[in-house]
Amino acid sequence: CLAEHPRIRIERNRTLSSVRKNNDSTLLSATFSGGGPISARVFIDATYEGDLLAAAGVPFRVGREARNETGEFLAPLQ
């Protein structure tokens with residue numbers, strides 16, 4: 001279980017306030033409601049809507065890719 005690892009910090013029921021990145025767009029820290037910034041080498045965004053990734057400027061898309069884009073048989077035609 002991740003929560004049992006001494007170097008892994010799990011934040012639950014917190015709202016993202018801001019992120020800080022360096023010049024090459026690497027995520028350095030994230031600040032959540034009710035606390036100060038959290039710095040880490042690796043962040044895992046397990047939110048339902050990818051809040052941390054979106055705030056950090058990671059490209060994303062809403063919806064599914066079309067079959068002609070991915071070649072996946074079960075993907076929608078569009």
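In what follows, every heavy atom counts, from backbone to side chain, and hydrogens, waters and symmetry copies are set aside. Throughout, residue positions are numbered sequentially from 1 according to the sequence presented. Everything numeric here is computed off the predicted structure, so don't read it as measured data.
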Just do the side-chain contact (heavy atoms from CB on, under 4.5 Å) check on L52 and V19 with the steps written out, would you? CA-CA 8 Å; L52 178 59; V19 297; 3.6 Å; yes
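Looking at heavy atoms from C-beta onward, I38 lies in side-chain contact with E11 at the 4.5 angstrom threshold.
Within a 6.0 Å sphere centred on CG of N13, heavy atoms belonging to other residues, nucleotides or ligands number 12 at most. With a 6.0 Å radius and a threshold of 12 heavy atoms from other residues, nucleotides or ligands, D24 has its CG atom above the threshold.
Summarising the geometry, atom CG belonging to D51 is positioned 8.5 Å from atom OG1 belonging to T15; distances are rounded to the nearest 0.5 Å. Note that CD1 of I10 is 6.0 Å distant from SG of C1, once rounded to the nearest 0.5 Å. Here the CZ atom belonging to R64 is positioned 12.0 Å from the CD atom belonging to E69, to the nearest 0.5 angstrom.
Between R67 and E72, the closest heavy-atom pair is CG-O, 3.1 Å. Contact record, E65 with P76: O-CD, 3.6 Å, taken as the closest heavy-atom pair. Pairing each heavy atom of S29 with each of S39, the nearest pair is CB-OG, 3.6 Å. Summarising the geometry of T70 relative to A75, their closest heavy-atom pair is OG1-CB, 4.0 Å, with the distance given to 0.1 Å.
Looking only at distances, no side-chain donor or acceptor of R20 sits under 3.5 Å from a matching main-chain atom of L28. Checked by atom type and distance alone, the side chain of S18 never pairs as donor or acceptor with a backbone atom of T31 at under 3.5 Å.
The hydrophobic cluster containing L27 also contains L16, counting ILVMFWY residues as joined when their side-chain heavy atoms lie under 4.5 angstrom apart, directly or transitively. Hydrophobic clustering places F32 together with F43 (ILVMFWY residues linked when any side-chain heavy atoms are closer than 4.5 Å, directly or through intermediates).
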